[in-house]
Amino acid sequence: MSIFSKVTQAVVQFVPDRDRDQLSEEHRIVGKPIDRLDGPQKVTGAASFTADFPLEALVYASLAFSTVAKGKIRKIDASEAEKSSGVLSVITHKNAPKMKDPPLFSPSSGTDAAASTANVVNTDEIYWNGQAIAVVIADTLDGAEHAASLIKIEYDEEPAALSFEAAKSQAETPKNIMGEDTEVERGDTEKVLAQAKYKVDHVYSTPRFNHNAIELHATTAAWNGDQLTVYDTSQFVRGVADSLAKMFSLKKENVRVLAPFVGGGFGGKGSMWGHVQLCVLAAKVVGKPVKLVLTREGVFRTVGGRTPSEQRVALAADETGKLTALIHTGTTASSFANDFAEQFSFPARHLYATESLYLTQKLVRLNTTPNTFMRAPGESIGTFALESAMDELAYELGIDPVELRLRNDPDQDPAKHTEFSSRHFKEAYRLGAEKFGWQNRPAQPRSMRDGKWLVGQGVGTAFYPAYRFPAAARVRLNADGTAVIQSSAQEMGMGTATVQTQHAAERLGLPLEKIRFEYGDTNLPQAPVAGGSNQTVSIALAVQQACEKLHRELLKSAKQDQNSPLSGSHFDEVRACDGGLFRRDKPETGETYVEILSRLKQDFVEAESETGPPLETMKYSMGSYGAQFCEIRVNEQTGETRVSRWVGSFDTGRILNPKTAVSQFRGGIIMGIGMALTEETFFDERTGRIVNPSLAEYHLPVNADIPKIEAYFLDIPDPHTPLGAHGIGEIGITGCAAAVANAIYHATGKRIRELPITLDKLL
Amino acid sequence: MDSPLAAHSVTLHVNGREHKLQLEARVSLLDALREHIGLTGTKKGCNQGACGACTVLVNGERINSCFALAVQYDGMKITTIEGLADANGLHPLQQAFVKHDGFQCGYCTPGQICSAAAMIEEFRGGAPSAVTELEAKDIEFSDLEIQERMSGNLCRCGAYVGINEAIRDAFEVLSR
Ligand code: FES
Ligand code: FES
């Protein structure tokens, strides 16, 4: 830890907590399972995604990709493409106008959002196989795609770093992991391990994965003088706008980025990939609005996925099952055009009490598409290793796997040594075990069978930190008693628009139908990236503060008016309900917003608020916890695994909308089932080429692969978060792969430590 | 033989409206709908026939419109997601998808709903699926059948449980 963060951490312990949010316990609108408010638009085709906006005189762009992994472009011949029917322009590094270097995404910068430092088409340098090297613009989509196939490229190829295995010997230790110390050490773990009677020590590996949101990455760009308007499939509109402003030397306020509906992101749309700047460049070159929709292959070639990893977990315990040593180390990969060490060691920092602890990570660099965050980066692959190892230890000890976790529930954070803000780990386990019927499970592997199917049951801990980022929001009350909430937040299906409307309705004391939540537009107050499951609480705090500000102002105006029934009332004495402000002691005394605004003779009143840094996450250990229980069936003859039952039980603070929340949990679990059993991006280490860049050969779970997943939650508010809530977008995927691997062990007696667990590994 | 780039006159009957278009033979039905007619409710998820996001109904049967050339559909009746609701309001499937949260991002949804609409008709017509017992006379509208018959429509958000509940619910409404 840097001196600065050490000092901050120490000082923060003395900072008083924010008042507990009174709405944490309110159950009028927040907490209700209301239907998604944008549902009717989504089921009628009326929801407009990036590629759906009809701009006047729109033309189409298509990309050509490098076919080598490293080197320089020697020659590029675009003459055929240029002559092809309908082609307006072909942009290569020979003729491309200069852009400034892409500002690499960094959480501390605020809005730098580029996924890679490669200034594609402004350079002849090749960093990975599949890098975009030319843009064709034509008056039709087919014309652009065909012409892109006519570009001929010759390379001066150089030897590339392609083998993860070979690169391991040169692995570096990153300076920090997402701002936290790379290394955490307490006690002499190796010594404890060597002397322990009960121990496990194994290596677990995970392959490359790709997000594969069904919506293809797309950008539409239109210039008007030095004003730029961009529709983009983005989880971070503000970041895209500011990064484009830097690259094209524009004033920030001259760039507007919109993303009203995003067709799934999962981290893949959290930073700005090269096609975004290329679309903007193309629009500038041809002087017309340009639409660039990546092909599915184009997404695999130019948008990175999850790193491969190799992780060692070693655990030692005394005979009661109490951990005496926990080691979690390993290596992930990044590229030569970015710098991201995926935080697989994070779960072990917070989950279990242990006498000694050693965690560290290494990083190799390969000539691949820059890796990026994919749903629960770190925690999803980290829990595969850690929770598989916990299961292995349980068998070593002869202790039930659930019981082993319960015996190691810590009183304070094992790495930070701070209090937990809210932790109900044991309750989550108990609830899940009860719903699943865990007590009926025979301990012995290979003890359940249904004809040719070997049946097994497994469990794994789910964990994800509770983050909050600074955010801004504006609240406007209109004279007709309606309200508008604004923040540049993004909606990729998490239910943001719905829960923030519920929140504002509760906060303002208005019915849902009187509230409109506006988002997905950089003209609105600044929201952070929708990532790290932060968005719901980040925006909620900004909305809470803006509402409070507005209410205080309304009370101030009432004070000056003897006729107002609220005259002389303090903020703490009133409550927002029934469309206005009313006294807590005399609920019939008060005024509706309509009355207040008519008294003030104003069309509307508004307030804006910007929240500060998340001191609470420094002061406390803040996270969400859960237990994933599953039953699987392995075909003894073919090795095929089917998931037959799933129960997820979660401690994720207060649930704001049980209907959309259950969908979030299930969605994460399904991605976890894919990670466990079918998904893998195949990478040819000879050429650096991804060989299955399609949905036909990258195997996402389909409908028939998924049982009726049950998701339960404790719904206990965290006293230190707005509404008592935690974000829940990522925790669902964590712990899943381990639960499946553990169930497979229980069914077959075979321990598979390498994902995905395809049938060949079980034969 | 015509040049592949020659324009062909094509008439598409989409959602009860006639569209007279001049299209190159290479234009897919999906791109014709989206880029030439401006009906963007139908989505492109792969352009390879692998995801089902582009599902539309042709004479009541479901097809992947990305895998179809528009010129082949000259004169045929096409229904897209925009054409499912009628004067009485949303189609029972559309209502049920909202009620059961059969989506998150909503991108695969038009394809899921069109697919489900045709699937219900296939089922009622007695068409068997890969999971139907060989000697089955009356096929039961079981979860297994629904899941099998809907597995050509991928949902990365993982809304399958809600999708299946919605289809079951709508099937009952449609069977009344
Ligand atoms: S877009 Fe047609 S099947 Fe995927
Ligand atoms: S709802 Fe997002 S892909 Fe299905």
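Naming: A, B, ... by sequence-line order, numbering from 1 per chain.
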- Query: What's the shortest heavy-atom distance between A:Leu216 and B:Lys44, and which atoms?
  - Reply: CD1-O, 3.6 Å
- Item | Contact check, side chains of A:Glu215 and B:Arg156, non-hydrogen atoms, under 4.5 Å | no
- Side chain, backbone, both or neither: which part of B:Lys43 has a heavy atom under 4.5 Å from chain A? side chain
- Can you name the closest pair of heavy atoms from B:Phe97 and A:Val43 and give their distance? CB-CG1, 3.8 Å
- From CG (A:Asn703) to CD1 (B:Ile167), nearest 0.5 Å: 7.0 Å
- Query: Which pair of heavy atoms, one from A:Arg666 and one from B:Gly162, lies closest together, and at what distance?
  - Reply: NH1-N, 4.4 Å
- Is a side-chain donor or acceptor of A:Lys42 paired with a backbone partner of B:Val98 at a separation under 3.5 angstrom? no
- Query: Between B:Cys46 and A:Leu695, which heavy-atom pair has the shortest distance, and what is it?
  - Reply: CB-CD1, 3.9 Å
- Item | Which portion of A:Phe53 sits near chain B, non-hydrogen atoms under 4.5 angstrom | neither
- Query: Taking every heavy-atom pair that is under 4.5 Å apart, which of A:Gly667, A:Gly39, A:Gly45, A:Ala704 has the most such pairs with chain B?
  - Reply: A:Ala704
- chain A contact via B:Asp101 - which portion, at a heavy-atom distance below 4.5 Å: both
- Note on the structure: Of the listed A:Lys291, A:Met494, A:Arg375, A:Glu297, the one with the largest count of heavy-atom pairs under 4.5 Å with chain B is A:Lys291
- Query: Which bit of A:Ala213 is near chain B, if near means a heavy-atom gap under 4.5 Å: side chain, backbone, both or neither?
  - Reply: backbone
- Heavy-atom proximity to chain B below 4.5 Å, by part of A:Ile706: both
- Which portion of B:Ala85 sits near chain A, non-hydrogen atoms under 4.5 angstrom: neither
- Message: Using 0.5 Å steps for rounding, measure from the CG atom of A:Leu700 to the CG atom of B:Leu154.
- Response: 5.5 Å
- Contact leader toward chain B among A:Met492, A:His211, A:Glu697, A:Arg36, where contacts are heavy-atom pairs under 4.5 Å: A:Arg36
- Message: Does any backbone or side-chain atom of A:Ser48 lie under 4.5 Å from a heavy atom of chain B? Answer side chain, backbone, both or neither.
- Response: neither
- Look only at the side chain of B:Gln104 and the backbone of A:Gly264, and say whether a donor-acceptor pair between them is shorter than 3.5 Å. no
- Note on the structure: Max heavy-atom pairs within cutoff under 4.5 Å with chain A, candidates B:Arg149, B:Glu82, B:Glu35, B:His91, goes to B:Glu35
- Over 12 foreign heavy atoms within 6.0 Å of CD, B:Glu140: no
- Query: By a 4.5 Å heavy-atom criterion (distance strictly below it), what part of A:Tyr698 contacts chain B: side chain, backbone, both, or neither?
  - Reply: side chain
- Of all heavy-atom pairs linking B:Val161 and A:Ile709, the shortest is CG2-N, 3.8 Å
- Side chain / backbone / both / neither for A:Gln664 at chain B, heavy atoms under 4.5 Å: both
- Test item: B:Tyr160 side-chain N/O and A:Pro701 main-chain N/O as donor-acceptor pair under 3.5 Å: yes
- Task: Please determine, among A:His146, A:Glu679, A:Glu491, the option with the most heavy-atom pairs under 4.5 Å with chain B.
- Result: A:Glu679
- Query: Between B:Gly106, B:Gly41, B:Ala50, B:Gly45, which shows the greatest number of heavy-atom pairs under 4.5 Å with chain A?
  - Reply: B:Gly45
- How many angstroms lie between atom OG1 of A:Thr140 and atom NE2 of B:His36, to the nearest 0.5 angstrom? 7.0 Å
- Message: Counting only non-hydrogen atoms closer than 4.5 Å, does B:Gln48 touch chain A with its backbone (N, CA, C, O), its side chain (CB onward), both, or neither?
- Response: side chain
- Task: Assess whether atom NZ of A:Lys659 is packed by more than 12 heavy atoms of other residues, nucleotides or ligands within 6.0 Å.
- Result: yes
- Message: So, taking the atom named CG in A:Asp142 and the one named OG in B:Ser28, what distance separates them when rounded to the nearest 0.5 Å?
- Response: 7.0 Å
- Query: Can you tell if the side chain of B:Asn47 reaches within under 4.5 Å of the side chain of A:Thr295, non-hydrogen atoms only?
  - Reply: no
- Query: Are the side chain of B:Arg34 and the backbone of A:Ala51 linked by a donor-acceptor contact shorter than 3.5 Å?
  - Reply: yes
- Note on the structure: Under 4.5 Å to a heavy atom of chain A? For B:Leu84 that would be neither
- What pair of heavy atoms forms the shortest contact from A:Phe49 to B:Cys105, and how long is it? CZ-O, 3.4 Å
- Checked A:Gly263, A:Ser85, A:Gly265 vs chain B; the most non-hydrogen pairs under 4.5 Å come from A:Gly263
- So, the part of B:Asn153 with a heavy atom under 4.5 Å from chain A: the answer is neither
- With respect to chain B, which residue among A:Asp705, A:Thr44, A:Ile670, A:Asn212 yields the maximal number of heavy-atom pairs within a distance under 4.5 Å? A:Thr44
